Asker: 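This is the structure, below, for whatever I ask next.
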Protein chains: 2
Amino acid sequence: MNIGTAAKKSGLSVKTVRFYSNIGLISPDKSSDSNYRIYSIQDVEKLLFVGKARKFDFSIEECRELLSLYENKDRPSSEVKKITLKKIKEIEQRMAELDSLRTELKRVSKNCSGDQRPDCPIIGFLAEKNRS
Amino acid sequence: MNIGTAAKKSGLSVKTVRFYSNIGLISPDKSSDSNYRIYSIQDVEKLLFVGKARKFDFSIEECRELLSLYENKDRPSSEVKKITLKKIKEIEQRMAELDSLRTELKRVSKNCSGDQRPDCPIIGFLAEKNRS
DNA sequence: TATAAAGTCTCCCGTAAGTGGAAGGTCAAG
DNA sequence: CTTGACCTTCCACTTACGGGAGACTTTATA
């Protein structure tokens, strides 16, 4: 099948699928006469795999690694688990960061009247010189 | 003062301060003979302001807006509050996303033995075709 | 005073993961 | 035979800088 069909089946955009081909993540055969990319069912399955991994915040390089594990039937499950646990840790760290930002922003916005008066503690907070 | 001093006082890198100058976010005067940037105390205060806002996840464009409100002594506090509440909402949305990712990743990794055996439910999960 | 070192300048390339568009080749239908 | 859909490569753009080259200015040292 051509790239448009593969894109549709995998739920990715043509641009994205072509991008994955260009970076050697999922490289289909090429028709020698028309230079069109030709995708197999297996390629579409890999596209679906990567599409899902991307949704779960794995980077392209992580996807590359997961994909090679996916293709290697003898992979030890410990490899996959390691990558996943690392990702969970990253997510939790980012969540903690965001949580402290949110707390601080809520704190300063609570004291802001939000009306026509120019007095604004949020601006004051941002303008504060912190002694850290 | 020169850019190096301003950078040190604001806690930003020279590269960053020069970048802010180039995009017109904080534009100091230039010495006509040497073409060096000359920063005032007020410029440094703006750099500190933006540095803090950036730490709180405001984008450059949001910083530009906040900075103009910071400079405008007659601004209504409602403007600032609006931007801040929007940012809080964004942060909360992102946190919710990350939370569902984390939950799902934890769920699938719990069932993975993580040993030398090739059987891995995480791979299986990523390879699943979801009917959405 | 001569020179070396530090600081600054502009310009270009790279990042992650694509998106958008231009210019041109290919294919099926009417 | 031509239109239109699809495909190709290539280039530019996005965010918010960081790295480095090569040239210039200023400062410190011998």
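The sequence lines fix the lettering, A, B, ..., with proteins before strands; numbering per chain opens at 1. For clarity, every value in this text was computed on a predicted model and none was experimentally measured. Side-chain atoms are counted along with the backbone in the values below, which use heavy atoms only and exclude waters and symmetry mates.
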Asker: Do A/F19 and A/L12 come within less than 4.5 Å of each other through their side chains, counting heavy atoms only?
Answerer: no
Asker: Is the cationic atom of B/K52 (NZ for Lys, CZ for Arg) positioned less than 6.0 Å from the six-membered ring centroid of A/F125 and within 45 degrees of its normal?
Answerer: yes
Asker: Round to the nearest Å and state the distance from B/L47 atom CG to D/dC17 atom P.
Answerer: 12 Å
Asker: For DNA chain D, what residues of residues 57-65 of chain A have any heavy atom nearer than 4.0 Å?
Answerer: none
Asker: Of all the choices, C/dT26, D/dT9, D/dT26, which nucleotide is nearest to the side chain of A/R37 once you look at every atom?
Answerer: D/dT9
Asker: Are any of the side-chain nitrogens in A/K89 or A/E92 under 4.0 Å away from the carboxylate oxygens of its partner?
Answerer: no
Asker: Would you jot down, in residue-number order, the residues of residues 12-26 of chain A having a non-hydrogen atom under 4.0 Å from DNA chain D?
Answerer: A/R18
Asker: Where the side chain of B/Y36 is concerned, which of C/dC27, D/dT25, C/dG25 is the nearest nucleotide?
Answerer: D/dT25
Asker: Is A/E45 close to A/Y70 at the side-chain level, that is, under 4.5 Å between some pair of heavy atoms?
Answerer: yes
Asker: Send over the distance from B/K8 NZ to C/dT8 P, rounded to a whole Å.
Answerer: 8 Å
Asker: Check whether any side-chain nitrogen or oxygen of B/R54 sits under 4.0 Å from OP1 or OP2 of D/dA16, and answer yes or no.
Answerer: yes
Asker: Quick one: A/D33 CG to D/dC6 P, roughly how many Å, whole number?
Answerer: 20 Å
Asker: Identify the two heavy atoms, one from B/L105 and one from A/K87, that lie closest to each other, and give their separation to 0.1 Å.
Answerer: CD1-CG, 3.7 Å
Asker: Quick one, A/T5 with A/N2, criterion side chain to side chain donor-acceptor pair (under 3.5 Å). Give me CA distance, side-chain angles, the key distance, then yes/no.
Answerer: CA-CA 6 Å; A/T5 310; A/N2 285 338; over 6 Å; no
Asker: Salt bridge or not between B/D115 and B/R117? Use side-chain N to carboxylate O under 4.0 Å.
Answerer: yes
Asker: Determine whether more than 12 heavy atoms belonging to other residues, nucleotides or ligands lie under 6.0 Å from atom NZ of A/K73.
Answerer: yes
Asker: For B/I3 and D/dT25, what is the distance between atoms CD1 and P respectively, to the nearest whole Å?
Answerer: 18 Å
Asker: Rounding to an integer number of Å, can you tell me how far B/N35 CG sits from D/dT26 C1'?
Answerer: 14 Å
Asker: Between B/K30 and D/dT25, does any side-chain N or O lie under 4.0 Å from OP1 or OP2?
Answerer: no
Asker: May I ask you to test the A/L85-B/S109 pair for a side-chain heavy-atom distance under 4.5 Å?
Answerer: yes
